Amino acid sequence: MKVIQRLASISIFPKLVLTFLVALTPLYIIGWRMNVSGSDNVRKEITDSLNSRTSLYMSLLEFEFDTVVRQLQEYINDEDLMQLTSSSEVMTEIEKMQAQLRLKSRLNLLKRSSKFVANAIAFIPGMERVISSNDNIIGSFNAAQFQALSKSTNRYEAPFLSWNDRIFISVPYPDPAISRGRQPVFLLAVEVSLRELGLLLQQFTNEGGRTALVGRKQPFSIFAGDDTPGEAELAELHREAGTDDNGALRTAHWNGKAYYVAANYSKALDMGLLMYVPTEKVNSSLQLYRSWLYVLSVASILVALLFAYSIYLIIHQPFKRLVQSFRRVEKGQLNLELHYPLQDEFGYLYRQFNDMLKQLNVLVHEVYEQSFLARSAEYRHLQSQINPHFLYNSYFILYRMAQQRDHDSVIDFTKHLGSYFQYITRDGMDEVPLEQEVDHARTYAEIQSIRFSGRIEARFEELPEEMRGALVPRLIIQPIIENAYNHGLEHKRTGGRITVGFERSGDDSIAIVIADNGGQMDEARLRQLQASLLDQSQPAEHTGLFNVHRRIVIRYGGGGLALRIGEEGGLQIKIVLRGGASDAPTIDRR
């Protein structure tokens, strides 16, 4: 619910664009699904093709090696082999030689029966002889090879044995699995031609691809391709060959290149045939589908941008100008006029807006301007009351000094008095920096110190640097200090004290705190003074606190004087120049 409310609160332009995107999204999804479906169909055809090739090649190898195994099995009953193993002691040397040659001739036939047979071998441990189709003579007996090839195997499921990086199919007689570990009397074996298998794999290999024939139980591998695999790649070959999920198209990475892997495992041979095809070659057929998807994506983005830009020009920009104009009117700018060249709905709104401003200007001149002039006249009148007010008291003080013939005091007094009247007669500006206003208050305090001969002391705190340049109305501190002299400390014979401090309220507000220790202030008198500040029916000749308060309120629309009983029992007055008004005192942060 909150999300819906937030979406409903956004501006019109994002709503229109979002609506268009919602309408466009199903079309894009349909196009994307069509592209994915086409890509999947092409990928399936490629997968089926690779699987059929690996299955065909594996069937060919199974047929070839099944033929070899069956022929090798038939040679167990060979007459010459039986005589050489069982009755060689009673045979003459000539008979032995003739029997060995006949056996070698039949081994040659076995070798020529398949191109995948590199050698056909008969081991006769009783004679310590090895008859091989590759040797022109009868070889000596190799006990290590005989022991390695004497292991029992299931010749119809896992016929291969690995020895010294060579692959053999062996038939020991009798089989150790049946004879309870008794040593065979002879052993027939064929060595698989790794070269022919490699050539066959090379024929299977596509351009840029790789083909591998990997044993599962026996750790051998035959590889055809651009380069020889390393140890990590060989381990990956064996893992791939060990999976039984024929037909699944997987991916692998060699030397920074990606390949699709088609695997076919033969249970009869206990080996896997892996065909690696570069993904870039396979994906080239899919590039057409990708290209159309890119075209569709770019077209969708362009259409969305074109729609958004057209909505911006037709609706959002004229509406934004109208909203901005209303905001400027809220801030008091009434001298506006909007121009719109078209005669559509926005043209009507713009014309009505201009007519509204004309009527509003008429009302402002009739009502607001008259009120402003009246308040401005009141402000000037209140300010003019201050100028002669101190003059009466000053001449009276000067008269008393002259009467007492206190010439030094007359000199100091007239100097301060000159500075005082020089300040108040500068009426070119209604506002001055706070530093000048404070200096003027100090001058007044010096004049009063001469008058009271040390009975009353005025203390000024250090004015903060960032407040010195703040513009404030003229003559707002001196009248408050004068009020303290005349009313708060009038009967103070000794120890009178006036303190002037400065505070910051917020970023742009200023507070000037003036307190005395007159000790004659109580709650009743305080409430009477506070009520007088709120009474706008005060007589025109009234001066002092009310005068300063009214000037600040008129100037800033708020603020003014805040009265309370001070810590020493006297009156504490805080002059608050509000920072919330639009024309609040400016703080100079140089």
Side-chain angles (χ1 to χ4, degrees), residues 63-197 218 220 268-270:
F63 175 78
E64 289 285 340
F65 285 110
D66 181 70
T67 302
V68 172
V69 170
R70 292 183 183 278
Q71 289 181 353
L72 191 62
Q73 190 73 28
E74 292 175 358
Y75 273 61
I76 294 178
N77 299 321
D78 184 81
E79 182 179 355
D80 291 325
L81 182 59
M82 289 295 184
Q83 288 180 355
L84 291 173
T85 56
S86 61
S87 58
S88 61
E89 293 86 355
V90 298
M91 295 175 66
T92 65
E93 292 299 326
I94 295 176
E95 290 175 343
K96 291 180 182 180
M97 182 60 66
Q98 290 176 347
Q100 293 179 36
L101 291 175
R102 287 192 299 271
L103 179 59
K104 184 178 187 310
S105 177
R106 283 189 287 274
L107 293 175
N108 291 337
L109 291 175
L110 177 59
K111 174 188 176 182
R112 289 193 294 270
S113 65
S114 175
K115 64 179 180 179
F116 298 113
V117 177
N119 192 9
I121 310 169
F123 292 85
I124 307 174
M127 296 179 60
E128 294 187 353
R129 289 288 184 270
V130 175
I131 303 174
S132 172
S133 63
N134 287 349
D135 297 330
N136 293 325
I137 58 174
I138 308 303
S140 59
F141 187 78
N142 189 334
Q145 186 177 11
F146 177 77
Q147 291 296 330
L149 300 182
S150 296
K151 295 179 181 179
S152 178
T153 60
N154 187 342
R155 289 179 286 279
Y156 298 101
E157 289 190 2
F160 299 107
L161 288 174
S162 178
W163 181 75
N164 286 354
D165 296 329
R166 297 155 65 187
I167 301 174
F168 296 87
I169 301 175
S170 68
V171 180
Y173 182 84
D175 195 318
I178 301 175
S179 63
R180 297 181 180 180
R182 193 181 73 176
Q183 183 175 355
V185 296
F186 68 84
L187 185 147
L188 291 175
V190 294
E191 182 179 356
V192 178
S193 176
L194 299 181
R195 177 178 178 276
E196 290 298 330
L197 286 177
Q218 296 294 321
F220 67 85
L269 301 178
D270 191 40

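Everything quoted here is computed from the prediction, not taken from an experiment.
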Can you name the closest pair of heavy atoms from Ser87 and Met91 and give their distance?
-> O-CG, 3.0 Å

Test item: Ser114 side-chain N/O and Val68 main-chain N/O as donor-acceptor pair under 3.5 Å | no

For Leu161 and Ala148, work out which heavy atoms get closest and say how close.
-> CD1-O, 4.0 Å

Phe168 vs Phe160 side-chain heavy atoms within contact, under 4.5 Å = no

Going by heavy atoms in the side chains, are Leu72 and Ile169 under 4.5 Å from each other?
-> yes

Got a second to check how far Gln98's CD is from Gln100's CD, nearest 0.5 Å?
-> 11.0 Å

With sequence neighbours excluded, what pairs up with Phe63 under the ring-ring contact (aromatic ring centres under 6.0 Å, His included) test?
-> none

Any Gln183 side-chain heavy atom under 4.5 Å of Gln147 side chain | yes

Nearest heavy-atom contact between Pro172 and Pro184 is CB-CG, 3.7 Å

Enclosure of Arg102 CZ (heavy-atom neighbours >12, cutoff 6.0 Å) | yes

Determine, step by step, whether Ser170 and Leu187 satisfy the side-chain contact (heavy atoms from CB on, under 4.5 Å) criterion, reporting the C-alpha distance in whole Å, the side-chain angles of both residues, the deciding distance to 0.1 Å, and the verdict.
-> CA-CA 7 Å; Ser170 68; Leu187 185 147; 4.2 Å; yes

Residues, nucleotides or ligands: over 12 heavy atoms within 6.0 Å of Glu128 CD | no

Is there side-chain contact between Leu84 and Met127, with heavy atoms separated by less than 4.5 Å?
-> yes

Going through the checks in order, is the side-chain contact (heavy atoms from CB on, under 4.5 Å) test met by Leu107 and Ile131?
-> CA-CA 8 Å; Leu107 293 175; Ile131 303 174; 3.8 Å; yes

If you count the non-hydrogen atoms of other residues, nucleotides and ligands that lie under 6.0 Å from CE in Met97, is the total more than 12?
-> no

Do the side chains of Val192 and Phe65 get nearer than 4.5 Å, heavy atoms only?
-> yes

Taking the side chain as every heavy atom from C-beta outward, state whether Ser133 and Asn108 have any pair of such atoms under 4.5 Å apart.
-> yes

Of all residues at least two apart in sequence or in a different chain, which pass the salt bridge (charged side-chain N to carboxylate O under 4.0 Å, His left out) check with Glu79?
-> none

Hey, what's the ring geometry for Phe123 with Phe146, parallel, tilted or perpendicular (30° and 60° as the breaks)?
-> tilted

Closest approach of Gln71 to Leu110 (non-hydrogen atoms, all atoms of both residues) | OE1-CD1, 3.2 Å

Given the rule in the side-chain contact (heavy atoms from CB on, under 4.5 Å) test, do Leu149 and Ile121 qualify, once you have shown the distances and angles that lead to the verdict?
-> CA-CA 11 Å; Leu149 300 182; Ile121 310 169; 5.7 Å; no

Within a strict 4.5 Å, meaning less than it, do heavy atoms of the Arg166 and Gln145 side chains meet?
-> yes

Can you list the residues that meet the ring-ring contact (aromatic ring centres under 6.0 Å, His included) rule with Phe186, with sequence neighbours excluded?
-> Tyr173

Please check if the side chain of Thr92 supplies one atom and the backbone of Glu95 the other of a donor-acceptor pair under 3.5 Å.
-> yes

Chi angles and distances behind the side-chain contact (heavy atoms from CB on, under 4.5 Å) call for Phe116, Glu64 | CA-CA 8 Å; Phe116 298 113; Glu64 289 285 340; 3.6 Å; yes

Rounded to the nearest 0.5 angstrom, the CG-CG distance for Leu81 and Leu103 is 5.5 Å

Heavy-atom closest pair, residues Thr85 and Val185 = CG2-O, 3.8 Å

At their closest point, which heavy atom of Val190 faces which heavy atom of Val117, and how far apart are they?
-> CB-CG1, 4.0 Å

Are Asp80 and Arg106 close enough for a salt bridge, meaning some N to O gap below 4.0 Å?
-> yes

With the side chain counted from C-beta on, respond yes when Asp78 and Leu188 share a heavy-atom pair under 4.5 Å apart, and no when they do not.
-> no

